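Index from 1, following the sequence. Everything numeric here is computed off the predicted structure, so don't read it as measured data.
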Amino acid sequence: MSLWGGRFKESIDKLVEDFTSSIKVDKKLYKYDIEGSIAHTKMLLKGNIINEEEAEKIITTLKEIEKDIRGDKVNLLRKEDIHMAIEEELIKRIGDIGKKLHTARSRNDQIALDERLYQRDKIKELSKLIFSFQEVLLEIAERNQEIIIPGFTHLQYAQPLLLAHYFLAYFWMFQRDRERLGDVYKRMNVMPLGSCALAGTSLPIDRKYGARLLGFSKISPNSLDAVSDRDYIIEFLASLSILMMHLSRLSEEIVIWVSPPFSFIEIRDAFTTGSSIMPQKKNPDVVELIRGKTGHIYGNLFSILTTMKALPLSYNRDMQEDKKPLFESVDIVKGSLKIFIQLLKNIKINKKRMREEAEKGFFAATDLTDYLVEKKVPFRNAHRIVGEIVKYCLEKGKSFKSLTLKEYQSFSSLFKGDIFDRLKLDRCVFSKESPGGTGKKALKEQIDLAKQVLKENFRKNNL
Ligand code: ARG
């Protein structure tokens, strides 16, 4: 007979038991469930609902159970969920005293608590990983301040950039991702325990004391809200979706950059895979898989959004389905970050190839326009003049560099001999000194700012 069997005339059908059980998924929460139960026991003691001896016995046994579950010594099979499994095990070990643990508590506030404890922990782990990821990006940027690559829009040659600027673009995306997780953390760091099934309790429990024990900054102000919503998980998965979108874009850059026509970078053999049929192949499967796994994270976000849609207050069993998407997402994002960090440490940069490509495609067109603008030509007119020069070059099979000054002057008498200096690749890149630009000094400032941000965040535990 289950712990809730009192009002039932017959025991549960095996099919229903199997169908409703969530133990295979939620056993992952055992350590958080026990942490919550220990705090709950202390709350019961403080309210004189149980005595010191009983509290002591419950807490010691819960700690033993935790050790035994970790050592795979507790049979969790055929239990409804992790909460029931632990409570039943406690009662098995200490009898009636164990039956007091669930006073002034429901599995509804218990699961809301467990999930928050789990999520808090995982946000910390993920933030640390993102931090390490950013460190690697910054390191690459700092080491390669002179390398020039073609910048693209529409994957067409646009304007050349410093490679460091490219990597730092991702640095800032991941900075925002980490900040977003920090925001989720702050908003979810609220303790639901003591909300009981949905209405609170008439028993004297000190919820603020419980919150302090568990490191929560606040208690939930409404018991109905506390057991009913899963917005904290939705927000978390939304943040992870954005993070994976960024990882997926960087993956795509790498797929493109290692492709033979580009050959901008090479991944060391240990971080690539071969083909079962084509002996010559070396594939970037790791980043392709990260790109592919992004779909699971988006799917998980939608899974839980859909589960929650239109549920009446308060708890509904549908909500049990929130754990799989949550756990799977955390595992995927952690795995992806871990391997991506190593992969980035294992790339070789082909500076020559990057430069070759950067030289292509009338890269200085905007610089020529700026040259005329400096001579007070209205921008739109300057744009048209340079457009005509490009058309002329295309027709004659020439490049900007191969045109004579005379040819330039046939488009505008304002072109002078100093024009050729403006066509140099380095000059073109290094001169973009507007703050946040790809110029030399601007880059140094950006690197300093990135370092400062990491230093400050490190002091705040990455959050
Ligand atoms: N296993 C359940 C879940 O994860 C715990 C809450 C069950 N509450 C209930 N009233 N049946 O959602």
Taking [X] for the side chain and [Y] for the main chain, is one N or O donor matched with an acceptor at less than 3.5 Å?
| X | Y | answer |
| --- | --- | --- |
| Asn144 | Ile140 | yes |
| Arg207 | Met191 | yes |
| Thr20 | Val16 | yes |
| Asp318 | Thr307 | no |
| Glu433 | Ala442 | yes |
| Arg93 | Leu62 | no |
| Arg120 | Gly215 | yes |
| Asn300 | His296 | yes |
| Ser21 | Asp18 | no |

Kindly indicate, with the supporting measurements, whether the criterion side chain to side chain contact (heavy atoms under 4.5 Å, CB included) is fulfilled by Ile23 and Arg78.
CA-CA 8 Å; Ile23 188 84; Arg78 301 213 50 214; over 6 Å; no
Quick check with a 6.0 Å cut-off and a 45 degree axis cone: is Lys46 positioned over the face of Tyr209's six-membered ring?
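Yes - Lys46 lies over the ring of Tyr209, closer than 6.0 Å to its centre and within 45° of its axis.
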Do Arg178 and Phe133 form a cation-pi contact, if we require the NZ or CZ to be under 6.0 Å from the six-membered ring centre and within 45 degrees of the ring's axis?
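Verdict for Phe133: no cation-pi partner in Arg178.
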Report the distance from atom [atom1] of [X] to atom [atom2] of [Y], rounding to the nearest 0.5 Å.
| X | Y | atom1 | atom2 | value |
| --- | --- | --- | --- | --- |
| Ile341 | Lys338 | CD1 | NZ | 9.5 Å |
| Arg116 | Asp109 | CZ | CG | 11.0 Å |
| Lys100 | Ile94 | NZ | CD1 | 10.5 Å |
| His83 | Ile34 | NE2 | CD1 | 12.0 Å |
| Ile123 | Met188 | CD1 | CE | 5.5 Å |
| Gln320 | Ile111 | CD | CD1 | 8.0 Å |

Considering all heavy atoms of both residues, which atom of Ile86 and which atom of Ile65 are nearest to each other, and what is their separation?
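In this case the closest contact between Ile86 and Ile65 is O-CD1, 4.1 Å.
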Aromatic plane relationship, Phe264 with Trp257 - under 30° parallel, 30 to 60° tilted, over 60° perpendicular
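Trp257 vs Phe264 ring planes: tilted.
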Which of parallel (below 30°), tilted (30 to 60°) and perpendicular (above 60°) describes Phe152 and Phe262?
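The rings of Phe152 and Phe262 sit tilted, inter-plane angle from 30° to 60°.
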Is the Phe327 to Tyr118 ring centre distance short of 6.0 Å?
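Yes, close enough.
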Scan Glu17, Glu88, Glu87 and name whichever one has a side chain to side chain donor-acceptor pair (under 3.5 Å) with Lys79.
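Option passing the side chain to side chain donor-acceptor pair (under 3.5 Å) with Lys79: Glu88.
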Do Glu253 and Tyr166 pass the side-chain hydrogen bond (donor to acceptor under 3.5 Å, both in side chains) test, and can you show the C-alpha distance, the side-chain angles, and the key distance before you say yes or no?
CA-CA 10 Å; Glu253 308 276 14; Tyr166 220 104; 3.1 Å; yes
Please check if atom CZ in Arg180 has more than 12 non-hydrogen atoms from other residues, nucleotides or ligands closer than 6.0 Å.
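It does: Arg180 CZ has more than 12 such atoms within range.
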Does Arg268, at its CZ atom, have more than 12 non-hydrogen atoms belonging to other residues, nucleotides or ligands within less than 6.0 Å?
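Buried by this count: over 12 neighbours within 6.0 Å.
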So, applying side chain to side chain contact (heavy atoms under 4.5 Å, CB included) with Tyr32, which one of Ile82, Leu117, Leu113 is it?
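The side chain to side chain contact (heavy atoms under 4.5 Å, CB included) with Tyr32 is passed solely by Leu117 among Ile82, Leu117, Leu113.
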My understanding is that only one of Ile149, Ile147, Leu161, Leu162 makes a side chain to side chain contact (heavy atoms under 4.5 Å, CB included) with Val429; could you say which?
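Among Ile149, Ile147, Leu161, Leu162, the one meeting side chain to side chain contact (heavy atoms under 4.5 Å, CB included) with Val429 is Leu162.
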For the salt bridge (Lys or Arg N to Asp or Glu O under 4.0 Å) test, which of Asp331, Asp33, Asp114 pairs with Lys28?
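So, applying the salt bridge (Lys or Arg N to Asp or Glu O under 4.0 Å) to Lys28 and each of Asp331, Asp33, Asp114, only Asp331 qualifies.
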Can you check side chain to side chain contact (heavy atoms under 4.5 Å, CB included) on Thr60 and Glu64, steps first, answer last?
CA-CA 6 Å; Thr60 326; Glu64 284 163 14; 3.9 Å; yes
